[in-house]
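Quick note: numbers below take in every heavy atom, side chains included, and nothing from hydrogens, waters or symmetry partners. Quick caveat, the model's predicted, so the values are computed rather than measured. In what follows, chains are A, B, ... by sequence order, proteins preceding strands, each numbered from 1.
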Amino acid sequence: MRRLLFFLPFAVFGAVAGFGLWALTSGRDPNAFDSPVVGRDLPALALEPLADLPLLQTGEIGGGVQVVNVFASWCVPCVAEHPVLVSIAESGVPVHGIAYQDAPEDTLAFLDEHGNPYASVGRDAGRQVLELGLSGVPETFLVVDGAVAYHAAGPILGAPGDAFLAALDAAR
Amino acid sequence: MIAELGHLALTLALAAALVQSVLPMVGAARGDAALMGSARATAILQAGLSGFAFAALVNAFAVSDFSVVNVYENSHTLKPMIFKIAAAWGSHEGSLLLWVLILALFGAGVAILGAGVPERLRARTLAVQAWIAVGFLTFLLLTSNPFDRLDPAPLEGTDLNPLLQHVGLALHPPLLYLGYVGLSIVFSFAVAALIEGRVDPAWARWVRPWTLAAWVFLTGGIALGSWWAYSELGWGGWWFWDPVENVSFMPWLAATALLHSAIVTEKRDAFKSWTILLAILAFSLSLFGTFIVRSGLLTSVHAFAVDPERGIYILGLLVVAIGGSLALFAVRAPAMEPGGLFRPISREGGLLMNNLVLGTMTGTVLFGTLYPLVLEGITGEQISVGAPYFDATFVPLMLVLAVFMGLGPLLPWKRADLAGALARLRVVAVLVLAVMAVVWWWRTDGPVLGLVAVGVATWLIGASLAEWAGRVKLFADPGAALRRARSLPRAAHGMMLAHVGVGVLILGATASTAWKEEALAFAAPGTSVEVAGYTVTMTDRVRVDGPNWIADRGVLSVSRGGEAIGDLTAERRFYPAANRWTTESGILRRGFSDLYVTVTEAVNEDAAGGARVLRAVYEPWVNLLWIGSAMLVVGGALSLSDRRLRVGAPRRAAPARGAMPAE
């Protein structure tokens, strides 16, 4: 019995190593986040219009491949990813914007300065975008025939940006 | 060219390690002095070659040689020189090279300094050390070569993670590794003793200085990491129970237990198998930490680049090293006869208590760290174990430990008089009650645990000082106290300092957690917030261009009762090359407490208008954490410098008292 006790550390280590092996080989990604909206229809949000720009109606976004981007003028990564959105819009994919918690005049100044890639824009001064599973700005959604096909949290730059653009190409 | 030489040096170091793995073992088994002696030469050679390889990598970073992939990925010409050099160990490959270097340095240390260790034990220890080195050198050369070239060479690097551009973090990995990897030599000693089948007081005396040295570095490394998190992450906390923090903390807990149980083995020839187990566990937990950090097994703020192939390799290494040593332990340890008998109430009893509680604490942290993984493996459910779990389990254990820590040093070996020891602490008990009463009067609203913790910390500090005062007869014979203090072994001063340091740490941790005050406001120039009697006013907001960053800086002034007491700045920095943000908090020191201010962009709804979020936190006594850590380090170093640990004593007495072959 006392001898068995001396095997206890070995046994505990064996169990820990087993879980380690499982974790490494099961292909799980500890940093993966489950977007609550992927695979579902884009929820209908009651957004407010921005000046006289076309208003984004998320509930009636229509068919085809489209991109919805949540941004704010005070968000620096949004500035960084803006050229990517402009190039997506120039490639013929409609890009829509949701200005998140931003004063209208600031948003307009932002679009004046950096260019306006958005086919339609809505303002959200409240928490409606939480229905999109938003965890911060910027976030970008790929919408195919009214349903969310891909959700990129953070700027679509670097590796996450490449993943988003790949998903976009695949959808087209 | 220099990079290729570095690569060559690593390959040669592997060759030296391979020789060192085999010849001394054969020599020790056959009693061949020449073969055993070869261990010293190969250990020193291996350290020299690893040192050369490391210098070659540092050189590549210093001159920004972007034809080396590792430099290209982790450096930038605009980076200040100190961070260029620190970037050498900022990446997975570079830090692994540092790991290998330190492993070899500790081996060389035993080769050069371990003159008192019997040739056979030394040869076996160095051979075991070389086994570990072979594992890591092949890992480095096969999966993570830091000297890989890039052709054509880019003109500019892609920067280091800006969070890591901090002095605390430049020094944190080397110190932490000295601790982590320093425990390897203790592990090697333990495995060598198991192979030899013999553990006696002399063995414990040889091992203890190495444990202590590793422990001192580990303590310093953890404290620096905590300080870095406090000043750089901008969350205003100093410990987050993050998996990566936990895996550095577990070896520390095990090493602390080992330090104490080795005393019992050394003085009383008891706790032998337990000491060996702790020696194995301390390094195993270091290896395990490396595995967790490098494999990306758990989510963490500090993860390195993740590569499953590397994870599998390290897991294999773990299975061989930890599994092998624990199996050897299971087979050999039961034969080690327990030594000197003792009563429950005695120094041995106190140290047993220390070991039990520290062991439970290690288990608690291990369980909390791995539980999410285990649960996901069994049920598929994703959860995270955070501070509440650790607050509820770890903190009470820590307090129990502190109560025993105050009492333990007063108990003599074998059999102690508890009533007598407690009587000596009457004054301390009164002091504890007085301090608790004052704290209760001052902060009636605070958590009860905070009040208890302050009482326990006072008890520990008071009892440690009382024990020390008793030894130098500070009150009984003040005239001769100074002379007595001088003749007292340095280890006694070291113990007192370290134990008081733990008390000071508890005070800092308690106060900064329980009585923290926080104020938050959307701020533009002119806005003020009030916290703990201080008024923090944002006077200006400016854009600052640094060498490789752009900052949005809030200029702040602090006043108290209408009187200005200081200015500080807090900013968000953007590093364009790395496309990353960092928070630079502003810290105004007020005695032991800090006023901690951050200015960040708003993500909240009322933020319209581009106002910043001004967050001011009053962290009472938070600096006691750094002071307490420094006391632990100095106390450990003082004990290490004790001449009993260095000269003369570490000789195995001819027929060692109570020492018997295990088999």
Non-hydrogen atoms of B:V319 and A:A17 that approach each other most closely: CG2-CB, 4.2 Å
Contact origin within B:L281 toward chain A - heavy atom pairs under 4.5 Å: neither
Partner residues of A:D52 under the salt bridge (Lys or Arg N to Asp or Glu O under 4.0 Å) criterion, sequence neighbours left out: none
Interface moiety of A:L8 toward chain B, non-hydrogen atoms closer than 4.5 Å: neither
Interchain contact, B:I322 with chain A, by part (heavy-atom threshold 4.5 Å): both
Residues in residues 9-16 of chain A that sit under 4.5 Å from chain B, counting heavy atoms only: A:P9, A:F10, A:F13, A:V16
Residues that B:F187 engages under ring-ring contact (aromatic ring centres under 6.0 Å, His included), provided they are two or more places apart: B:F283
Salt bridge (Lys or Arg N to Asp or Glu O under 4.0 Å) against B:R553, all qualifying residues, sequence neighbours excluded: B:E571
